[in-house]
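To keep things clear, I will list the structure first and then write my remarks on it.
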Amino acid sequence: MRSLFDANRLNSELSNAFIDFEKRIPNLYKVSELYLDTNDPTKKFKSEFFLLRRFFGFLKAFLITLLKSNFNLEPRSEIKGDVLLVSPYINKIKGNNFFFGDIQNHFHNLKKTTVDLRIFNGVPPISDYLGEKDNSSLNVLYLPSLSLNENILVFKELLKTFKDFSIAIKEEKDPIKKELLRSIKKRLFSRTNFFNFYLSAQLDNFIKENKFKYALVTFDGSPWERIFCKKFKSLNKTGRVAFYQHAPITEKSYSLFNKYPKLLNPDHIYCSGKGPHSIFLNKISFLSNIHILGSRKNIQDSQKRNFNKEESVLFITQGSSRDIFILYKIALRLAFQERKIKVKVLLHPAVYLGLSFKFLNVALEFFLSNFKCDSVSDENTFSKSKFMVYFSSSLAIEKMFYDIRPIHLTNSSNNNPLSILVDKENPNLSWCTEANDFKDILNIINSEVNLDSKVEKYSKQNAKIFSQEYFEPFQITKEFFSDY
């Protein structure tokens, strides 16, 4: 079906699906295929071959939650706080929140208390999440496991939704809508969708037991964010939900800009800085409460610094395993071909690639002394590197103060947050540049490292200004709570 492989057309069809089928398929909002993947919009509809693999992922998740159903069931007292901070769970981050940083201190300065709720977003093993314990010293909470009966009810809800899809398909006359529903129905029993339905049941318990006034939820287009929003607003009539954009976006970040049924839309959207704020204002007409909140990623460094650079190239990955392996293979090739260059692949902390990848990587690092792959970084990682290659990473914007030249590797989504800083006619002559393949990367690396554009718009200094305005300091005032 041609429309499933065109992002604009698919986005339109999925947006209309909520309007057309919401009443006939009540659990439609829990199905991940209804939300476009920001990095690869048509990804969820392309791989028919992996339907069986999806089902086994679903079965594994269901069995794990059944085994865990006897744990974490002890009764909890009511949890109180002014602001509920909601973000994805990262199994490598146990301390301060990876997404919000020290934002709780800014709320505390206004005499407001915070609670840090970390949600399983389908990336790490669900067994890890269900094994986590609350951290009272940091006010960190995890949603407890469902009981055995509740697990069975989740499975029944999935079966009911499958039946609702079947009836809607039978009744639908429009061939395009019918084919879209068929494609979604085939993918219903997946690990991701099981998590969505499981999360919905967890939130039913949590929100009914705890009446928070305000929830600030990380916002990158993931289905769980809309599920949380609907549950919070429907079960807590006086509560307010704000979405917080914390990562780079572009005009093509479709899933962030769609208008959904009222309960799926936040009351406010908060942005990291002026750059994303202007994009939201331009792309969203149905919501007026769009403001700048700031970011933990802001770097206040007005001094001119000299860095002791090495012959080093950094490959910065993002969450998509497909994109990670593309960058990983290119990094390996560079390390093999250019033994004098130090090559490092920096994995996102949220990434889980399994034990087989770990063993393979250890072997490759042993045979290639100039190659390293890790999820840990420090100031030297950026201050000593001359170039950083990326698809779409906040680090590409955040770390430009270290005089590390960004190289965007073009991909299917072409989602380059630094696109405005690239001279499209002569990309190699602008500080922020682009590459189509390994050969282009090699040409840029072998060019003059201190090359800077004579056009101010494409210069290194303007790139640093862009970075500072993209991730501004946190600016939280009493007006944040004005609509309580």
Side-chain angles (χ1 to χ4, degrees), residues 96-103 105-106 109 218-220 244-251 253 256 269-283 290-307 309 314 316 318 346 348 377-408 415-423 427 430-434 449-477 480:
N96 284 336
N97 193 291
F98 176 79
F99 302 93
F100 290 114
D102 66 346
I103 197 172
N105 296 335
H106 298 270
N109 291 338
T218 54
F219 186 34
D220 58 23
Y244 170 56
Q245 164 268 322
H246 59 90
I249 64 170
T250 71
E251 299 279 344
S253 299
L256 304 184
I269 291 177
Y270 286 101
C271 306
S272 64
K274 293 177 185 176
H277 182 246
S278 64
I279 294 176
F280 273 109
L281 289 178
N282 183 49
K283 299 294 288 187
I290 303 175
H291 308 287
I292 296 173
L293 185 68
S295 173
R296 70 163 183 83
K297 298 170 185 175
N298 176 263
I299 297 178
Q300 292 292 335
D301 190 357
S302 58
Q303 297 180 354
K304 191 170 183 179
R305 299 166 64 183
N306 294 317
F307 298 103
K309 296 289 185 180
L314 184 63
I316 304 174
Q318 58 185 20
L346 185 60
H348 192 284
S377 64
D378 55 22
E379 187 170 309
N380 286 335
T381 302
F382 302 96
S383 64
K384 292 185 178 298
S385 297
K386 290 184 178 180
F387 301 92
M388 55 180 166
V389 184
Y390 69 99
F391 277 128
S392 177
S393 170
S394 60
L395 289 176
I397 303 173
E398 180 186 349
K399 301 301 183 182
M400 281 195 286
F401 282 92
Y402 290 98
D403 287 352
I404 176 171
R405 191 178 178 195
I407 304 174
H408 175 251
N415 211 17
N416 183 10
L418 297 178
S419 179
I420 193 173
L421 301 175
V422 179
D423 185 344
S430 54
W431 174 252
C432 299
T433 185
E434 291 182 335
V449 69
N450 293 319
L451 180 147
D452 195 6
S453 176
K454 295 179 180 179
V455 181
E456 184 180 356
K457 181 180 178 180
Y458 306 121
S459 67
K460 182 199 301 185
Q461 185 57 34
N462 190 51
K464 290 183 178 182
I465 293 171
F466 177 89
S467 171
Q468 202 158 27
E469 292 183 346
Y470 205 97
F471 296 121
E472 297 184 31
F474 279 126
Q475 38 194 300
I476 302 172
T477 63
F480 186 92

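In this chain, numbering begins with 1 at the start of the sequence shown. All values derive from a computational prediction rather than experimental measurement.
Annotation for F219 and L256: closest pair CZ-O, 3.5 Å, computed over non-hydrogen atoms. Nearest heavy-atom pair, Y402 versus K309, reported as atom, atom and distance to 0.1 Å: O-NZ, 2.6 Å. I420 and F466 get closest at one heavy-atom pair: CG2-CE1, 3.8 Å. Taking all atoms of both residues into account, the shortest heavy-atom contact from N96 to G101 is CB-O, 4.5 Å. When all heavy atoms are compared, the tightest approach of K399 to I404 is O-CG2, 3.2 Å. Taking each heavy atom of P248 and P417 in turn, the nearest pair found is CB-CB, 3.6 Å.
Residues M400 and C432 are in side-chain contact: their nearest non-hydrogen atoms beyond the backbone lie under 4.5 Å apart. Residues L421 and S430 form no side-chain contact, since every pair of their non-hydrogen atoms from C-beta on lies 4.5 Å or further apart. Side-chain contact check for T250 versus S419: every heavy-atom pair is 4.5 Å or farther apart. The closest side-chain heavy-atom distance from H408 to L418 is not below 4.5 Å. Side-chain contact check for Y390 versus L346: every heavy-atom pair is 4.5 Å or farther apart. Counting heavy atoms from C-beta on, the side chains of W431 and N462 never come closer than 4.5 Å.
In this structure, F98 has its ring center at least 6.0 angstrom away from the ring center of H246. Aromatic pair F100/Y244: centroids less than 6.0 angstrom apart.
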Kindly determine whether Y458 and T433 satisfy side-chain contact (heavy atoms from CB on, under 4.5 Å), including the steps that lead there. CA-CA 9 Å; Y458 306 121; T433 185; over 6 Å; no

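The structure places OG1 of T381 at 10.0 Å from CG of L395, a figure rounded to the nearest 0.5 Å. The CD atom of Q475 sits 10.5 Å away from the NE2 atom of H106 when rounded to the nearest 0.5 Å. A distance of 12.5 Å separates CZ of F401 from NZ of K460, quoted to the nearest 0.5 Å. The structure places OG of S272 at 8.0 Å from CD of E472, a figure rounded to the nearest 0.5 Å. Atoms CG and CD1, on L314 and I407 in that order, are 10.5 Å from each other to the nearest 0.5 Å. Taken to the nearest 0.5 Å, the CD atom of E398 stands 6.0 Å off from the CZ atom of R296.
Ion pairing of D403 with K464 is present here, as a side-chain N (NZ or NE/NH1/NH2) and a carboxylate O approach within less than 4.0 Å.
Within the 3.5 Å criterion, the main-chain N or O of S253 finds no donor-acceptor partner in the side chain of E251.
In the model, K297 has a side-chain atom that pairs as donor or acceptor with a side-chain atom of S394 under 3.5 Å.
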